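Okay, so here's the structure we're looking at.
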There are 2 protein chains.
Amino acid sequence: MSKIGIIAGAGEFPLILVRKCIEKGVEPVVVAIKEEADESLNELVDGVFWQPVGKVGKILKFLRTAGVSEAIAAGKVNKMRIFRDIKPDLTAMRLLWSLRDRKDDTIMNKVADLLAGEGVTLLPQTKFMEDYLPEPEVFTKRTPTEEEKSDIEFGFHMAKEIGSLDIGQTVIVKRRAVLAVEAIEGTDSCILRGGSLGNGDVVVIKVSKPNQDLRFDVPAIGLQTIKSCIDARAKILAIEARKTFFFQKTESVRLANRHNISIVSF
Amino acid sequence: MSKIGIIAGAGEFPLILVRKCIEKGVEPVVVAIKEEADESLNELVDGVFWQPVGKVGKILKFLRTAGVSEAIAAGKVNKMRIFRDIKPDLTAMRLLWSLRDRKDDTIMNKVADLLAGEGVTLLPQTKFMEDYLPEPEVFTKRTPTEEEKSDIEFGFHMAKEIGSLDIGQTVIVKRRAVLAVEAIEGTDSCILRGGSLGNGDVVVIKVSKPNQDLRFDVPAIGLQTIKSCIDARAKILAIEARKTFFFQKTESVRLANRHNISIVSF
């Protein structure tokens, strides 16, 4: 049986990926980032290797020792930790020192290089995950109005520009004004801020970066995103078709319908 | 004696401008935006016309009746009000309906057109204000380190890009990562968020837009900006030389020195 390394960050994504691997007869070798990953990984596979994000050397050694030649980095690692409470080991310190900037892609490219140095190829996050990348569709009962469609288009353009700078992938718009731009705070905080600044009725747009490296940071939404949209009194959640993961779709659409929110991919 | 209309928004700027006009022998005809402007305008001139931001028709009529042919829009009007608690009159409603988007420049260009329709030319905010546009300088005892200079450069580039989209003019950076991007929340909120996300030691960069229309939204810092930097535990406040107003300089530099913050224009 072939093996695949899974470096598990936050959320549903690593759980889904592990299940998909098992379905396809691939053995998942799981490194779980202690600060981020869901403990229920332990219920899916034995021998999950739990490590803090700063222990890069240990993580690399584990994957090498396990004889893994391919890996997927699944689920977010909160970048704020790099500025706050990370305790880097020697390898992590070397990595941080060698960065020309701390954009997501810069950091992840270095991680990919380190893995390559251990003979491990980082695969696209979309591997095994085709089912979760929707085509253009309106998922909910409620469909966007013409006015809202124009906000989606405006926000799409703005979010692509922000993405091209590798700052973030989400913007919150109301009547063709940008209320909030995501940087390091994460999508949920950005949605809540935008909703509060606009006093509700906002449009949330999340897209992939123009030069999206599929190995990292493929945008994703799920049940938590819908909950944030409800708290922000958003009326639309729009994602980029074929390039955004939609996790927990059934529950998410059900919840969105109850709150008269449109979810669309376009 | 020649007259000039002053449409007074928030902060020190309208007060300073009114004083400058008087110094130069120009009579200021002041329309004060009720939600924003400082009441001490009443102490500087008689007959200040106080109106809520939504009463665009009344404001235009007042300037026309006063026989003003030139005006300056001084001081911010919080754009959030347009989404929250504005009560527009007919002229304001027509203005809002005619906008293709609600970017700052789109709104202000329409305001300038409305004024032009009344025979009033909107002048650059920099008129009479040369003393407040600093050359490149380090204002404080503390000067930026090489590492911090590189953050300033990185942030300058990012802020210019955000400015070119007419989203905002401020970014908060730490070790070449963008922690926060200003959109509609205003500079002070953005600084506080960035400081909190980065756990202090952040660099604040504020620039003009690449195609800055000097008639509106010339970036400005002052004592309140320094207070926000202190609360955010920022270490640098960097502004664009010749294109950013520095108000209350003496008090600001004094306060920054006490908190070991660098203020630089570059």
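Keep in mind that this is a model prediction, so the values were computed, not measured. Below, chain A is the first sequence line, B the second, and so on; all start at residue 1.
- Among residues two or more places apart in sequence or in another chain, the side-chain contact (heavy atoms from CB on, under 4.5 Å) test is passed with Ala234(A) by Val202(A), Val204(A), Cys229(A).
- Contact count versus chain A (heavy atoms, under 4.5 Å) is highest, among Ala177(B), Ala180(B), Gly194(B), for Ala177(B).
- Evaluation of the ring-ring contact (aromatic ring centres under 6.0 Å, His included) test over residues 164-184 of chain A, restricted to residues two or more places apart or in two chains, returns none.
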Between chain B and chain A, which N or O donor and acceptor atoms come closer than 3.5 Å?
{"residue": "Arg84(B)", "atom": "NH1", "partner": "Ser196(A)", "partner atom": "O", "Å": "2.8"}
{"residue": "Arg100(B)", "atom": "O", "partner": "Arg176(A)", "partner atom": "NE", "Å": "2.9"}
{"residue": "Arg102(B)", "atom": "N", "partner": "Arg176(A)", "partner atom": "O", "Å": "2.7"}
{"residue": "Arg176(B)", "atom": "O", "partner": "Arg102(A)", "partner atom": "N", "Å": "2.7"}
{"residue": "Arg176(B)", "atom": "NE", "partner": "Arg100(A)", "partner atom": "O", "Å": "2.9"}
{"residue": "Leu179(B)", "atom": "O", "partner": "Ile184(A)", "partner atom": "N", "Å": "3.3"}
{"residue": "Ile184(B)", "atom": "N", "partner": "Leu179(A)", "partner atom": "O", "Å": "3.3"}
{"residue": "Ser196(B)", "atom": "O", "partner": "Arg84(A)", "partner atom": "NH1", "Å": "2.8"}

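- Not counting sequence neighbours, the partners of Ile7(B) by the side-chain contact (heavy atoms from CB on, under 4.5 Å) test are Ile33(B), Leu63(B), Leu115(B).
- The side-chain contact (heavy atoms from CB on, under 4.5 Å) test with Val181(B) singles out one residue from Val171(A), Ile167(A), Leu165(A), and that residue is Ile167(A).
- Leu197(A) touches chain B through backbone and side chain together, each having a heavy atom under 4.5 Å away.
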